[in-house]
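Please read the structure below before turning to the comments.
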Amino acid sequence: MKPLLEVSDVVIRFAAHNRIAAKLSGQPSSIEAVAGVSFALEAGRTYALVGESGSGKTTLARAITGLVPIHSGRIDFAGRTISGLTETALRPMRREIAMIFQDPIGSLSPRLTVRSILAEPFKVHGETMDIDGKIARLLDDVGLPAHFVQRYPHQLSGGQARRISIARALALRPKLVIADEPTAGLDVSIQGEMLNLMRDLQRKLGITFLMITHNLNVVRHVAERMAVMYLGRIVEEGRTSEIFRSPRHRYTTALLSANLKADPDAASYVIEAEGETPSLFNRPSGCEFHPRCLFKRDICRTEMPKEQFISTDHRFSCHNPA
Ligand SMILES: Nc1ncnc2c1ncn2[C@@H]1O[C@H](COP(=O)(O)OP(=O)(O)OP(=O)(O)O)[C@@H](O)[C@H]1O
Ligand SMILES: [Mg+2]
């Protein structure tokens, strides 16, 4: 079966804020926030992207929705190449891929009522028939009462705001929904409600989810497949059960042990590794994780590890795997 979404060798670059200063200090004039990433999503399933802050998760998600241009590589969706399309050509595809943004309250315009927020996607796509009926159905989909149409974002709890973000994403009945940190900042019980809601919507509407999260407990419970990102690259990828059972990359093992110990939804991991995440302006030589790795060998300093495929369900890049 062809995947619904296929990301092939995607590179995304950003210019340095101050190119002249960068040049003078010998730094590169651009960074690769995403540095050659490939993965595929099967329809109707949930795929998780994990990795520390700054590893390129949101940037990749924004590129899939067409909000950020890619430098090279290809993105295919539902049998069509969508990377490099003009805005006009991309327009019909925009209905099919929706994003729930990382900061739910911040991404809802404070001056708009829930009604206006939920009416927006219909207006943008020229749908004018029965908007109130459609909004009522959306609120029902996400388990909120109909009278919420009159509320403003500041009158919503974190969980309710998240539900409105989900409702807005569902408005045009997309095939793919990208959820950026959908449980961050929520109480554990509300997190559970949110995950159940997403699972119910997946069953009911056949939605494919790309979930971005710091919370590996969430990944384990909802995602069939996952990718671990480090400095804009996938260092380990495959079936979630397989990676949890036998993680190979030393970064993955560090993340797993940290996540199982610490607050699972903390904004950053305290991983069992040395030092800080390196800057994208100054990528380490060899394996880019080596300066932090407790298991490094000489080769790790000089040679970037090649990707090894254990099976179609598991690949990783590490010289001295677990
Ligand atoms: N518009 C931009 N211009 C320049 N650099 C950017 C831009 N957007 C993101 N970056 C940089 O790209 C890198 C990846 O950022 P990104 O937001 O994708 O990370 P993330 O994995 O989503 O992190 P978090 O977990 O904190 O949300 C970071 O170094 C960030 O500073
Ligand atoms: Mg992010």
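In each ligand, atom 1 is the first atom listed, and ligand 1 is the first ligand listed. Source: prediction; values computed, not measured.
When each atom of ligand 1 is checked for a heavy atom of Ala33 under 4.0 Å away, the hits are 12 (O), 13 (C). Near Thr59, meaning under 4.0 Å from one of its heavy atoms, ligand 1 places the atoms 9 (C), 14 (C), 15 (O), 16 (P), 18 (O). Interface atoms of ligand 1 facing Thr58, defined by a heavy-atom separation under 4.0 Å, are 17 (O), 18 (O), 20 (P), 22 (O), 27 (O). Ligand-side atoms of ligand 1 in range of Ser55: 19 (O), 21 (O), range being under 4.0 angstrom from any heavy atom.
Between the side chains of Glu224 and Thr240, no donor-acceptor pair of N or O atoms lies under 3.5 Å. For Glu303 and His319, the side-chain atoms include no donor-acceptor pair closer than 3.5 Å. The closest side-chain donor-acceptor pair between Asp9 and Ser38, if any, does not fall under 3.5 angstrom. Thr252 and Glu236 are linked by a side-chain donor-acceptor pair at a separation below 3.5 angstrom, with hydrogens and angles left out of the test.
The OG1 atom of Thr58 and the OE1 atom of Gln102 meet at the Mg ion (ligand 2) at an angle of about 80°, given to 10°.
Residue contacts with ligand 1 for Met229 are absent, since no atom lies close enough (heavy atoms, distance under 4.0 Å). The proximity of Leu280 to ligand 1, defined as any non-hydrogen pair under 4.0 Å, is limited to the side chain.
The Mg ion (ligand 2) has no N, O or S atom of Ser53 inside 2.8 Å of it.
Stacking of Arg250 on the aromatic ring of Phe295 is recorded, both the 6.0 Å distance cut-off and the 45° axial limit being met. Taking the ring centre of Phe289 as origin, the terminal cationic atom of Arg292 falls outside the region bounded by 6.0 Å and 45° from the ring axis.
Taking a 4.0 Å cut-off on heavy atoms, Arg62 fails to register as neighbouring ligand 1. Using a non-hydrogen distance threshold of 4.0 Å, Gly56 registers as a contact of ligand 1.
By heavy-atom distance, the residue among His214, Lys57, Gln102 lying nearest atom 21 (O) of ligand 1 is Lys57.
Each of Arg283, Arg301, Lys296 was compared with Glu288 under the salt bridge (Lys or Arg N to Asp or Glu O under 4.0 Å) criterion, and only Arg283 meets it.
Between Arg225 and Glu42 there is no salt bridge, since none of the side-chain N atoms of the basic residue sits less than 4.0 Å from a carboxylate O of the acidic one.
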